[in-house]
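Down below is the structure, laid out as structure tokens.
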Protein chains: 4
Amino acid sequence: MFLIHFARAWALAVAKAETLEEMKTAAATVHALVHHEMQLHIDTCAGEGVSQAELEATPEAAENLAYTRYVLEAGYSGDFLDLMAALAPCVLGYGEIGARLAAEAGEMPYRGWIDTYAGKEYQDVCRSVGRLIDRALERRLGPGWAALPRWRQLCRRIEVATRLEVGFWGMNLRGP
Amino acid sequence: MFLIHFARAWALAVAKAETLEEMKTAAATVHALVHHEMQLHIDTCAGEGVSQAELEATPEAAENLAYTRYVLEAGYSGDFLDLMAALAPCVLGYGEIGARLAAEAGEMPYRGWIDTYAGKEYQDVCRSVGRLIDRALERRLGPGWAALPRWRQLCRRIEVATRLEVGFWGMNLRGP
Amino acid sequence: MFLIHFARAWALAVAKAETLEEMKTAAATVHALVHHEMQLHIDTCAGEGVSQAELEATPEAAENLAYTRYVLEAGYSGDFLDLMAALAPCVLGYGEIGARLAAEAGEMPYRGWIDTYAGKEYQDVCRSVGRLIDRALERRLGPGWAALPRWRQLCRRIEVATRLEVGFWGMNLRGP
Amino acid sequence: MFLIHFARAWALAVAKAETLEEMKTAAATVHALVHHEMQLHIDTCAGEGVSQAELEATPEAAENLAYTRYVLEAGYSGDFLDLMAALAPCVLGYGEIGARLAAEAGEMPYRGWIDTYAGKEYQDVCRSVGRLIDRALERRLGPGWAALPRWRQLCRRIEVATRLEVGFWGMNLRGP
């Protein structure tokens, strides 16, 4: 469910991109999400006996609604930078957490998950998204972007999105 | 805080209206919210020693984010009907609750609040918004709109928005 | 017809505003456009025997479509500043042209029109919109905004909108 | 230039899709446009000595602005159906014109162009987009969609988009 709205947000980034390079990176992300990650998810659920129709009909939890709609609304109301700020905690967060757990956790049941997000492939995705954001900032705000009020506003977006991302993880710890 | 995003959603309804009548009703609501209700709110807070700058800088609670962003995203992603479906539980909900409490509650500390929403003025607002929605449905979907799949989709929007509205009320019962 | 889309764009500005002050100014403009200017227009047409229904059903000319959709799309795809940049040539353009014609033109048939836009009331609107844009720029980009790439991008928006505004005026000089 | 905004509109369709099937079809179109068609265009221009930077800096003609912004604004202001109605004349129009010219035109200089759009591959794209639209209509409006006012509104969108598409073709017949 979450992946659907995450893919919608990256698709909105294609519509809001200002250069061909921004457009290509965002479009490649949509393609990977829709044609690979979502299919993987659908297949996993099918393996557990949950059909695609059931998946599409599942009501979304409040934490899921809060996070995904915040990201999409940031994208619709703001520009490409606002959308990137709202998306960053998710993309980069998994990478940071994966890298840290890989260093700290020993052998344990979720080792496969940790290795995926700590692995070279996902860490490369993080670096490429990081570069996309850095260039997008410099292209619009110049080399001194970190001193501008716009950057402080984007940091507030990142904070709110991180807070909602934390709530999203917490959802699995509370009962339904 | 909530009123700001509520007014933004009604402003989006002006941009998404398809007739002059829809436009006028939505614009009148924006005007009432921005120039009267919000000012009342600002004045009340000022009376308690909370300045407009402090009010604007208050971080939003998760329930507030979930509800307001759901409404705005419904409006951006969908059309005028989706926006009305997401807004209806708030506008009409206060009216229903006010009318019911007015009949059931005796003298009690919140009697003023109850009388406001049960009173003729607010009940007229509800009837006028209800009429706006009925006409908007008939204008787009014809007289048989209640039998179409589109209407069932709009009902799901109303359900989700109601669920988030309930969460919003619950926010004041939990601690910060 | 044009006024409808112009009012929709100002309504979108309410939804995209970041401060109460921006919100109030944009909302007041929507109110003036929808409840006064558009009504004046409808009454004038009614005086000539053209009903509101006929007015709503008139197909839009290509120049009208180009200009109004450019402004609205700039607003949806960009942020508050992009929307202001796309709206500025219309609001401020009438003021500049009015002021210049008032100084240059003598007695002539369109003197009433000239006096409206050269008059104190409309010139005050221009100054208030100019102030809104100046503050919005400074609030987001800091005092050095005129040196940033973002400002050059906004200038390109202003140029395109001015070009389309010129096309819009030219429409009345060509046949239907 | 045109392809960029066309790809942005299909990306917006991903964000506005309501089923995984709609999402996948729109995402595949974005992928084909951004990673194949646009690259082909960039390579062709590079072969003529026009760099990607020059291409990105070319000012858009008024007809191009009118058509692309109409499509994008229809998508932002309306829902998935409005976006499909605005996109249909372009996708299906090339197919219809190609098929008709293939039957009528003999050997002539643009035979390669005609064969591309009359060929099985492009005709299959048209059929798949047609099916997407038919299913999207039925999913939202039920089997009787052709009798609803909503369908007449969508037909008006198709008419306006076709008119602007004609203007876009005419652009190449007038001087710059």
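Each chain gets a letter, A, B and so on, in the order its sequence line appears, and its residues count up from 1.
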* Arg139(B), part contacting chain D, at a heavy-atom distance under 4.5 Å -> both
* **Student check: side-chain heavy atoms of Leu87(D) and Trp10(D) closer than 4.5 Å** => yes
* Structure fact -> Bottom line for Glu18(B): the part with an atom under 4.5 Å from chain D's heavy atoms is side chain
* Under 4.5 Å between any side-chain heavy atoms of Tyr117(D) and Ile97(D), yes or no? -> no
* Less than 4.5 Å apart, any side-chain heavy atom of Arg156(D) and any of Gln153(D)? -> yes
* Asp79(B)/Arg150(B) salt bridge by N-O under 4.0 Å criterion -> yes
* Structure fact -> Answer key: most heavy-atom pairs under 4.5 Å with chain D among Gly142(B), Pro143(B), Gly144(B), Ser77(B) is Ser77(B)
